[in-house]
Amino acid sequence: MSKYKTHYEDCDVLVVGGGMAGTGAAFEARHWGRDLKIVCVEKANIDRSGAVAQGLYAINCYMGMQWGENQPEDHVRYARNDLMGMVREDLGYDMARHVDSTVHMFDEWGLPMMKNEKTGRYLREGKWQIMIHGESYKPIVAEAAKKSADKIYNRIMVTHLLMDEEKENRVGGAVGFNMRTGDYHVFRAKTVIVAAGGASHIFKPRAVGEGMGRTWYAPWSNGSAYALPIAVGAKMTQMENRIVLCRFKDGYGPVGAYFLHLKTYTQNANGENYEKKWYDQTKELVGEYIDHHPTPTCLRNHAFIQETIAGGGPIHMVTTEAFQDPHLETVGWENFLGMTVGQAVVWASQNIDPKYTNPELTTSEPYVMGSHATCSGAWVSGPEDLSPPEYFWGYNRMLTVDGLFGAGDTVGGSAHKFSSGSFTEGRLAAKAAVKYIEDKKADGIKVTDKQCDDFKEAVFKPLETYTVAQNEITGGTVSPSYISPIQGLQRLQRIMDEYVGGIATNYMTNANMLKRGLELLAWLEEDLEKVGAEDLHQLMRAWELKHRAITSQCVTEHTMFREETRWPGYYYRGDHMKLDDKNWHCLTVSRRDPKTGKFTMEKVPVYHIVDEKEKKQAS
Ligand SMILES: Cc1cc2nc3c(=O)[nH]c(=O)nc-3n(C[C@H](O)[C@H](O)[C@H](O)COP(=O)(O)OP(=O)(O)OC[C@H]3O[C@@H](n4cnc5c(N)ncnc54)[C@H](O)[C@@H]3O)c2cc1C
């Protein structure tokens with residue numbers, strides 16, 4: 001191992017992942033911790049990293065409290081409705097009450113915001129969304145982080161969290177390797193904020209072969225946000241609540257601006273409004289939830305999926321009417337230029353001009369994340385002033401491991417944060433992390449060289465495995481003594497796809513399939529001890545795969561535990577097809593024992609904090 005140089009960095013606040021939440025965390029940590037040492041470690045380069053790398057066309061979470069447009073309570077009601085009741089309202093409220101101040105800073109920092117010419121307010125795309133010229137969104141927030149942190153390390157993939165050897169269940173930092181130099185990096189830290197994004201590519205994507213890598217969620221989001229905490233025994237929540245998106249086919253182009261601003265609509269191959277057709281059947285499954293407004297995202301997916309299974313596809317977005325208006329046509333194209341150029345390229349390559357041809361839609365493979373219209377992630381403490389006792393253990397956004405904080409996609413239970421809410425949550429986590437240090441909760445952390453050296457050996461093992469095993473390659477990349485990251489990834493994706501509710505089964509699974517899936521995942525875990533990497537890039541792929549694999553185990557355990565179909569359209573439990581509020585109106589929480597690798601599951605009450613007071617007064 002001595003051939004790989006080791007660098008040590010001691011700091012107060014370590015931010016893992018410099019995406020939206022990570023940049024927010026670095027910025028806010030400096031505000032509260034003037035004299036603290038703040039370090040951010042990023043797998044790519046924070047100027048263009050994470051889900052916002054390409055830019056965005058809308059900020060999807062803005063209350064507009066200064067104009068009385070929405071209040072945090074409204075947002076809680078909205079997220080609760082969309083997630084079929086299953087959200088942490090304390091976290092959602094906390095994010096919503098602070099998100100406007102974040103957006104106002106983006107405005108000050110030079111993010112071009114579209115304005116409503118008549119009112120002078122930010123131009124609304126929908127009730128929660130405001131429109132931006134957001135190609136440079138990420139470089140702008142990155143600049144704030146660069147000015148705030150003592151040091152930003154780019155191109156370092158964090159592989160493991162370090163644990164304090166003096167006090168049980170307290171974090172001590174993180175380790176990783178530089179993907180360009182091959183150097184090993186040890187970050188000993190008093191607090192760690194994990195902000196490493198969501199998980200794509202754990203389910204087999206629709207785009208395979210030459211299209212591989214084209215996914216809706218960022219292909220480089222590899223589940224580190226979940227794997228790092230899971231590996232050290234942090235509790236997770238709602239990991240079954242994966243998301244499936246209705247998007248333009250093949251390019252995954254977003255539909256939000258089309259529905260909300262251009263007022264386009266969908267129809268089946270016969271030009272019918274198919275959603276109405278599935279009303280009665282959906283009501284049978286979920287009861288009155290189908291009558292909620294707006295219709296929860298998963299239930300709209302459900303109608304789409306059922307219509308396709310029934311042979312009514314392809315489903316089209318009717319663009320030919322809106323695109324006759326030159327202004328709307330421009331908005332339609334600009335929407336892609338700002339964030340998904342690839343969709344325009346796909347249409348060009350398929351001779352689709354949306355002015356004359358209605359483009360096809362599809363439902364995506366499932367993704368796991370905590371910031372979009374879904375809420376998988378870590379089980380964190382809420383804010384002191386809002387959270388009931390089960391949801392509060394001292395520091396806002398702290399996981400169940402002391403000193404370990406989370407934000408953005410990392411944090412479960414709080415959907416619909418999007419880019420602005422993730423940045424806001426990074427700020428909240430950083431403020432709490434600084435307080436944790438000030439309260440002297442991080443004193444006396446001990447991380448021995450042995451712990452760091454052991455991880456070093458583990459980190460570079462795939463390179464060693466390959467060096468030895470390449471001599472036994474029988475043809476191409478086939479070797480009896482190692483598997484390559486791509487082979488392992490494709491195996492993982494098939495297991496998840498075929499057993500855990502991916503596209504192969506129209507999102508259907510059941511206890512028997514999940515049991516088999518878990519068995520196959522356990523064997524994959526064994527085989528991943530033999531993953532080989534021929535260079536540093538493949539070493540990154542190897543670690544991305546390991547992180548995806550452990551995330552997948554957690555998703556499968558959660559899916560097995562929740563014996564109902566809470567979100568038809570995201571996935572179905574064929575053995576429990578109906579929503580079951582009597583037994584499952586609760587949050588699911590898991591913990592993986594770091595020593596045995598076994599998961600334990602529990603139900604935790606879901607508290608409806610907003611409206612509860614009013615209800616009590618009324619009764
Ligand atoms: C296609 C798409 C469209 C979207 N559209 C909108 C929209 O219109 N409006 C809106 O407001 N929001 C939108 N969002 C949501 C928004 O992008 C996310 O909510 C937000 O980026 C989540 O922030 P995050 O910090 O948790 O993750 P990210 O911003 O993805 O950041 C995670 C960071 O962690 C890094 N990382 C990962 N693993 C490691 C590791 N092991 N070591 C070190 N670093 C690591 C990554 O490189 C990345 O920089 C969209 C997302 C997607 C994917």
Side-chain angles (χ1 to χ4, degrees), residues 14-25 40-62 99 102-103 106 125-126 128-132 134 137-138 141-142 145 153-161 174-177 179 185 187 193-200 215-228 243 245 247 251-257 335 338-340 342-343 364 367 369-374 377 406-411 415-426 429 540 543-544 546-548:
L14 177 69
V15 181
V16 176
M20 287 309 294
T23 48
C40 176
V41 197
E42 164 58 46
K43 185 171 77 161
N45 183 311
I46 71 161
D47 280 342
R48 284 279 171 198
S49 71
V52 179
Q54 262 193 95
L56 295 178
Y57 197 65
I59 288 176
N60 280 356
C61 185
Y62 178 72
V99 73
T102 290
V103 174
F106 294 163
E125 178 183 277
W128 306 105
Q129 301 83 352
I130 53 172
M131 295 171 78
I132 57 173
Y137 193 0
K138 190 63 214 305
V141 296
Y153 285 87
N154 288 315
R155 304 283 172 206
I156 292 182
M157 174 163 188
V158 170
T159 54
H160 301 85
L161 292 175
V175 297
F177 67 98
M179 294 170 304
H185 287 260
F187 302 94
I193 302 172
V194 174
S200 63
T215 54
W216 169 74
Y217 215 61
W220 45 82
S221 295
N222 68 286
S224 295
Y226 313 119
L228 293 169
I243 188 172
L245 289 302
R247 285 293 180 270
Y252 294 95
V255 294
N335 181 243
M339 64 176 166
T340 317
Q343 184 64 56
S364 73
Y367 303 90
M369 84 203 56
S371 73
H372 213 273
T374 185
D409 279 326
T410 307
V411 170
H416 290 278
K417 293 177 285 207
F418 294 99
S419 60
S420 47
S422 296
F423 190 96
T424 305
E425 200 169 45
M540 174 191 76
W543 280 104
E544 287 184 337
K546 279 169 178 267
H547 286 183
R548 285 188 165 106

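When a ligand or atom number is given, it counts from 1 through the structure's own listing order. Throughout, residue positions are numbered sequentially from 1 according to the sequence presented.
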Engineer: Within the 4.0 Å heavy-atom shell around I59, which atoms of ligand 1 are there?
Structural biologist: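 In order of number, 11 (O).
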Engineer: Hey, can you tell me if F187 and H185 have their rings parallel, tilted or perpendicular (30° and 60° cut-offs)?
Structural biologist: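 Aromatic pair F187/H185 classed parallel.
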Engineer: Is the backbone N or O of S200 less than 3.5 Å from a side-chain atom of S221, with the two atoms forming a donor-acceptor pair by type?
Structural biologist: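 Side chain of S221 to backbone of S200: no pair is present.
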Engineer: Between S419, A53, A58, flag the one that comes closest to atom 9 (N) of ligand 1 by a heavy atom.
Structural biologist: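 Nearest heavy atom to atom 9 (N) of ligand 1 lies in A58.
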Engineer: Donor-acceptor pair, E125 side chain versus M131 backbone, under 3.5 Å?
Structural biologist: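 Not at all, since once roles are kept as given, no pair shorter than 3.5 Å links the two residues.
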Engineer: Answer yes or no: does an N/O atom from V52 fall short of 3.5 Å to an N/O atom of ligand 1?
Structural biologist: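 No.
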Engineer: Please work out which of the three classes, parallel, tilted or perpendicular, describes the rings of Y217 and Y367, given edges at 30° and 60°.
Structural biologist: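 Tilted.
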Engineer: Report the member of G197, G19, A373 with the shortest heavy-atom distance to atom 27 (O) of ligand 1.
Structural biologist: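 That would be G197.
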Engineer: Could you check if a side-chain atom of K43 sits within less than 4.5 angstrom of a side-chain atom of V158, using non-hydrogen atoms only?
Structural biologist: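 With C-beta onward as the side chain, the pair stays apart.
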Engineer: Has S371 got a side-chain atom pairing as donor or acceptor with S422's backbone, closer than 3.5 angstrom?
Structural biologist: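 Not confirmed, S371 side chain does not pair with S422 backbone.
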Engineer: Return a yes/no value for D409: is any of its N or O atoms, backbone included, closer than 3.5 angstrom to an N or O of ligand 1?
Structural biologist: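 There is such a contact, yes.
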Engineer: Would you check whether K138 has a nitrogen or oxygen atom less than 3.5 angstrom from a nitrogen or oxygen atom of ligand 1?
Structural biologist: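 No: no nitrogen or oxygen of K138 is under 3.5 Å from one in ligand 1.
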Engineer: Tell me whether N60 has any N or O atom under 3.5 angstrom from an N or O of ligand 1.
Structural biologist: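 For ligand 1, there is an N or O atom that lies under 3.5 Å from one belonging to N60.
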Engineer: Give the atom numbers and elements of ligand 1 that come within less than 4.0 Å of a heavy atom of M157.
Structural biologist: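 Reading through ligand 1 atom by atom, the close ones are 41 (N), 42 (N).
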Engineer: Just which atoms of ligand 1 are under 4.0 Å from any heavy atom in S422?
Structural biologist: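 This gives 19 (O), 20 (C), 22 (C), 23 (O) as the contact atoms.
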Engineer: Is Y137 reaching over with its side chain to a backbone N or O of A58, donor-acceptor style, under 3.5 angstrom?
Structural biologist: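 No, Y137 side chain to A58 backbone: no donor-acceptor pair under 3.5 Å.
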Engineer: Out of all atoms in ligand 1, which are within 4.0 Å of some heavy atom of N222? Include the element for each.
Structural biologist: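 Within the 4.0 Å cut-off of N222, ligand 1 contributes 38 (N).
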Engineer: For atom 41 (N) of ligand 1, which of A195, S224, A196 has the closest heavy atom?
Structural biologist: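 Shortest heavy-atom distance from atom 41 (N) of ligand 1: S224.
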Engineer: Closest non-hydrogen protein atom to atom 24 (P) of ligand 1, residue and atom name please, with distance?
Structural biologist: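 I find the closest protein heavy atom is A21 N, 3.9 Å.
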Engineer: For ligand 1, find out whether one of its N or O atoms is nearer than 3.5 Å to an N or O atom of M20.
Structural biologist: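 Such a contact does occur with ligand 1.
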Engineer: Any sub-3.5 Å donor-acceptor pair from K138's side-chain atoms to V52's backbone N or O?
Structural biologist: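 It does not hold such a pair.
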Engineer: Between CG of D47 and CG of N154, what distance do you get to the nearest 0.5 Å?
Structural biologist: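 One finds 7.0 Å between CG of D47 and CG of N154.
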Engineer: Please state which part of W216 comes within less than 4.0 Å of ligand 1, counting heavy atoms only: side chain, backbone, both or neither.
Structural biologist: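 W216 to ligand 1: contacts from backbone and side chain alike.
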Engineer: Mark up the atoms of ligand 1 that fall under 4.0 Å of a heavy atom belonging to S371, in ascending order.
Structural biologist: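 The atoms of ligand 1 under 4.0 Å from a heavy atom of S371 are 18 (C), 19 (O), 22 (C).
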Engineer: Is it true that T340 lies under 4.0 Å from ligand 1, counting heavy atoms only?
Structural biologist: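 Not so, T340 does not reach ligand 1.
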Engineer: Of the side chain and backbone of V158, name the one, both, or neither that has a heavy atom under 4.0 Å from an atom of ligand 1.
Structural biologist: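 Both parts.
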Engineer: Side chain or backbone of L228 under 4.0 Å from ligand 1, or both, or neither, by non-hydrogen atoms?
Structural biologist: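 The answer is neither.
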Engineer: Given 3.5 Å as the limit, does a donor-acceptor pair link the side chain of S419 with the main chain of I59, or not?
Structural biologist: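 Pair absent, no side-chain N/O of S419 close to backbone of I59.
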Engineer: Please verify whether a non-hydrogen atom of Y57 lies at under 4.0 Å from ligand 1.
Structural biologist: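 For ligand 1, residue contact (heavy atoms, under 4.0 Å) with Y57 is absent.
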Engineer: What closest approach, in Å, do A51 and W220 show between heavy atoms, and which atom pair accounts for it?
Structural biologist: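 Minimum heavy-atom contact is N-NE1, 4.3 Å.
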Engineer: Side chain, backbone, both or neither: which part of T410 has a heavy atom under 4.0 Å from ligand 1?
Structural biologist: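 Near ligand 1, T410 shows nothing, with every heavy atom at 4.0 Å or more.
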Engineer: What are the atoms of ligand 1, with element, lying closer than 4.0 Å to any heavy atom of V41?
Structural biologist: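 Within the 4.0 Å cut-off of V41, ligand 1 contributes 43 (C), 44 (N).
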Engineer: Distance under 4.0 Å to a non-hydrogen atom of G408: what atoms of ligand 1 satisfy this?
Structural biologist: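 Those atoms are 26 (O).
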Engineer: Is there a polar contact between ligand 1 and E42, counting only N or O atoms under 3.5 Å apart?
Structural biologist: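 Between E42 and ligand 1 (N or O atoms, distance only) the closest approach is under 3.5 Å.
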Engineer: Should you measure from each heavy atom of I156, which atoms of ligand 1 turn up under 4.0 Å away?
Structural biologist: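 Numbered from 1, ligand 1 contributes 42 (N), 43 (C).
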Engineer: Please indicate whether any nitrogen or oxygen in A51 is less than 3.5 Å from any nitrogen or oxygen in ligand 1.
Structural biologist: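 Min N/O separation from ligand 1 is below 3.5 Å for A51.
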Engineer: What protein heavy atom is closest to atom 43 (C) of ligand 1, reported as residue, atom name and distance in Å?
Structural biologist: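 So the nearest neighbour among protein heavy atoms is K43 N, 3.3 Å.
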Engineer: Could you walk me through whether H547 and L228 pass side chain to side chain contact (heavy atoms under 4.5 Å, CB included), step by step?
Structural biologist: CA-CA 8 Å; H547 286 183; L228 293 169; 3.9 Å; yes
